[in-house]
Amino acid sequence: MEIAKTYDPKAIENKWYSHWLAKKYFRSVPDEREPYTIVIPPPNVTGVLHMGHMLNNTIQDVLIRRARMLGKNACWVPGTDHASIATEAKVVAMLKEQGINKSDLTRDEFLKYAWEWKDKYGGIILKQLEKLGASCDWDRTRFTMEDDLSEAVIDVFIDLYNKGHIYRGVRMVNWDPAGLTAVSDEEVIHKEVNSKLYYVKYIIVDADEKIDLADEAVVNNKLESGSYITVATVRPETILGDTGVCVHPDDERYKKLKDKFAVIPFVNREVPIIFDDYIMMEFGTGALKVTPAHDINDYNLGIKHNLAVIDTLNPNGTMSEAAGFYVGKDRFEVRKQIVKDLEAKGHIAKVEDYKNKVGYSERTNAVIEPRLSMQWFLKMQDISKPALENVLNGNIKLIPDKFINTYKHWMESVHDWCISRQLWWGQRIPAWYDDKGNCVVAKTESEAIKLFKNPTPNSQVNSPTPDSSLPTIKQDEDVLDTWFSSWLWPISVFDGFKNPDGKDINYYYPTNDLITAPEILFFWVARMIIAGYEYRQEKPFTNVYLTGIVRDKQGRKMSKSLGNSPDPIELIEKFGADGVRVGMLLCSPAGNDLMFDESYCEQGRNFCNKIWNAFRLVKGWSVDAKLPQSSGNKIAVEWFDARLKEQVVLINELYDKYRMSEMLMTTYKLVWDDFCAWYLEMIKPDFVDGNSLAIDNKTFESTISFFESLLKLLHPLMPFISEEIWHLLKDRKGGDDIIIASWPKTSEVKQSLLTEFDHASNVVTEVRNIRKSKNISPKEKISLFQKTASGTETSLFDDIIKKLCNLDKLETTQTSIENAISFVVKQNEYFIPFNSAIDINAEKERLQKELDYTQGFLNSVMVKLGNERFVANAKPEILANENKKKADAEARINAIKEVLANI
RNA sequence: GGGAGCUUAGCUCAGCUGGUUCAGAGCAUCUGCCUUACAAGCAGAGGGUCACAGGUUCGAACCCUGUAGCUCCCACCA
């Protein structure tokens, strides 16, 4: 049977994925085995796979597949997140394209469209994960807005409300004028921008001064006479909402302004001058305009000094009626215009270039406006305590641990969480209001009515509705923040709320590993931990592996807008899923960002091909059952067996430390270098007259078994090709699939064999080098003489050296050989007789260099050993080592000297 | 403004308790090979003042101090 020369992933990936599905290998139900559980970080339901997902899910699949092979009950729960702002924005955009405005729709109509959209596009991303080979238990697929999960969200809200952790109030929130909703502090991204600092003059009047502010001449007179105060601002449009001017009480410049008033330009509002040590005298003019409705600091000042609050912004970022001027115009347009108008009126003192930080919405990228509004909040102070403790005490491990500091810092200064969003797509807040503004929190309308009639201490009901009449009530229009559902994910996917003592939750919770991006450490990870302790009195997971951010070669974050992100599905088509998986892991040190480049996937594909061809070679051999095993083959098998065991131990350790790319590289080298380049070459049958000789049965069987072990080690990394070759290597009974094969065992390693091989491989390399430098064809047989220290020792690997160097003879000698090229490995001398003239000078020079080097080495060792303080202070094993180095170097120098003398 | 981290070969990164000639790996590069498993390959080679300056030590890529550059996180100074 002819086997293709290159590995073709396309044909086999679907085949094996369907096979695994059909055999239900991904399926997990509780049993007596130890569970190993991962819950997927649910991707946005309408999203498509990007490189970050690829990395994330590759790692998860690697861990899950290995756990499965270790005999654990591996359960990887997939699912999607309803992502309220992002999804709602997408639906709104889609409707707009169809000429439909959200504002023209009722809530129900809109939600109908949204669900249609979700049903159509939702879950594409999960289909894409299948292409990657993700072995999720698809029967467990959950969605954060499905009925059960939504119910859990509502129950949790009610519970936290009843426990007093949730409150409602008017607060300064981060307002997203594009998304038309409040967002949490964590959803605001601060960026430094170049802006202008405007110095604006406000005229000063006495409390009882009666002047006509509308009269320009009067105002000009004031300005000219110096009766004004200058404030500095980067947001001049907020002037219209100013209700005070604040200066420092110790500021000599402004002491005279006590009890006076400043006049806000345009609106001609007289506002008090207040004194507060919050002010920094050095900044700007030392005078601050106070806009309580649109700045958090100003808001606090306003409360302290009893200032009025004038909200001059509409939700969409245009000026409101209350502003009085520029009504309906966007704030940024107004910013330009008002400066011009102030200038014209002589109110601008100067304008400076200025760098400041501006908040942008994570979802819509709109400039966030601080805005006062009625929102729901979760008090974080108490509820977050166990979440901090259990990370600090190591019950939950962050990998890499450098994130513990960041985590600690955040948890210690955590703010209350604004959990309401002015959206429709999401879990609607279970709060109900009557027409008198009373409020109760209840799961259903009928329960709410009951509460209005018989309020509990928690209900915000002033006067109960009498039994005789029914209250007219209406539910809160807002929905909950998406993270208010995803923080329950590790519990809710196992129905831990619906059925708190259920089989699933008791078996799978707490889960083992969470693999996610550091970007959402606070958004999501910290909150899951909080919810875990609040609702299960137990951590949600033990290890949090934080991946890096996928960047392009120039270090830019991959993003749609930059167009620098490759399409993962195209990559899979080009390089095969296994190749891409390897490519992702090759460049992914834990916790560090990774500079992705397609060439890594190419390397992954080449690796597939290498494995494939090793298979072709082995498959092509004919086995002669009568042939005895040669001594060379015997030693080759023994050596590789030792090497394999040694490396399995190392690979296991690397897994335990979550060193994924090192684990991959170790496996890679074991397969490519040790197995292909050395072992297979050692045992490869010779060619005689154009025909390959047969291989003995014993060696062949061992080789197949080695190959199987390697495939097992490869399986978590490269599931498809390993399963394919597993089946091509042998006829297998139904159910003998590598996905459920057991992970290679380890046992004591014969260390001496490894050391001897090391020596032999050095000899082989030296001979190859000489062949190359002397232009001796690899096909030409040559002879090699070795002179060992005692003169009689033979090496276990002699037969192998003979084969790999294409020698016609390898003899041990006690005397040096004339007319030969020579080299030294460790303390042994080697000679290759050479017929043509040898460039004696060149030979001498080469050996002399070698000698000088060794001499230099010996000297450095001698210096150390001659140093009394070293001998006195160094640990015994270090000292012994130095002595051994000395002896080895001396022996080697003797050997080289001897060779030199005989040239 | 506060905090954390990083800087090792052309690139991406290891280097764990300071101690082997410890200066490494993969990729890339160069040289020679179409040697019946694989040119997506084989064999071999070159390549680094471990950011810089001091210090501690018998000994420093590793510990300490300072400097520079980069990155990230947090924060309500107009």
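So that the names make sense, note that chain A is the first sequence line, chain B the second, and so on, each numbered from 1. Basis for what follows: all heavy atoms, side chains included, without hydrogens, waters or symmetry-related copies.
- To the nearest angstrom, P of B:rC72 lies 18 Å from CD1 of A:I520.
- The separation between A:L879 atom CG and B:rC58 atom P is 16 Å, rounded to whole Å.
- The side chain of A:W672 approaches B:rC42 more closely than any other nucleotide in the set B:rA37, B:rC42, B:rC73.
- Considering only the side chain of A:E681, B:rC38 comes nearest among B:rC38, B:rG15, B:rU12.
- A side-chain N or O of A:Y679 and one of A:T703 form a donor-acceptor pair less than 3.5 Å apart.
- The nearest heavy atom of RNA chain B to A:Y7 and to A:A232 marks one nucleotide each, and the one closer to the 5' end goes with A:Y7.
- With hydrogens and angles ignored, no donor-acceptor pair under 3.5 angstrom links the side chain of A:K885 to the base of B:rU21.
- One atom, CG of A:N613, and another, P of B:rU36, lie 14 Å apart when rounded to the nearest Å.
- One finds no salt bridge joining A:E352 and A:K196 here, because no Lys/Arg side-chain nitrogen approaches an Asp/Glu carboxylate oxygen to under 4.0 Å.
- Comparing A:N867 and A:M665, the nucleotide of RNA chain B nearest to each residue sits closer to the 5' end for A:M665.
- For A:C587, whose side chain is taken as the heavy atoms from C-beta onward, the closest listed nucleotide among B:rA4, B:rU12, B:rC72 is B:rU12.
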Original post:
With Watson-Crick and G-U wobble geometry limited to distances under 3.5 Å, how should the secondary structure of RNA chain B be encoded in dot-bracket form, using | for bases paired to another strand and [ ] for crossing pairs?
Top reply: (((((((..((((.....[....)))).(((((.......))))).....(((((..]....))))))))))))....
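- The pair A:E573-A:K10 does not meet the salt-bridge criterion, since no charged nitrogen lies less than 4.0 angstrom from a carboxylate oxygen.
- A:D578 has its side chain within reach of A:Y7: a pair of non-hydrogen atoms, C-beta onward, lies under 4.5 Å apart.
- Not a single donor-acceptor contact under 3.5 angstrom links the side-chain atoms of A:R768 to the base of B:rA43.
- On the C1' atoms, B:rA4 is 23 Å away from B:rU12, given to the nearest whole Å.
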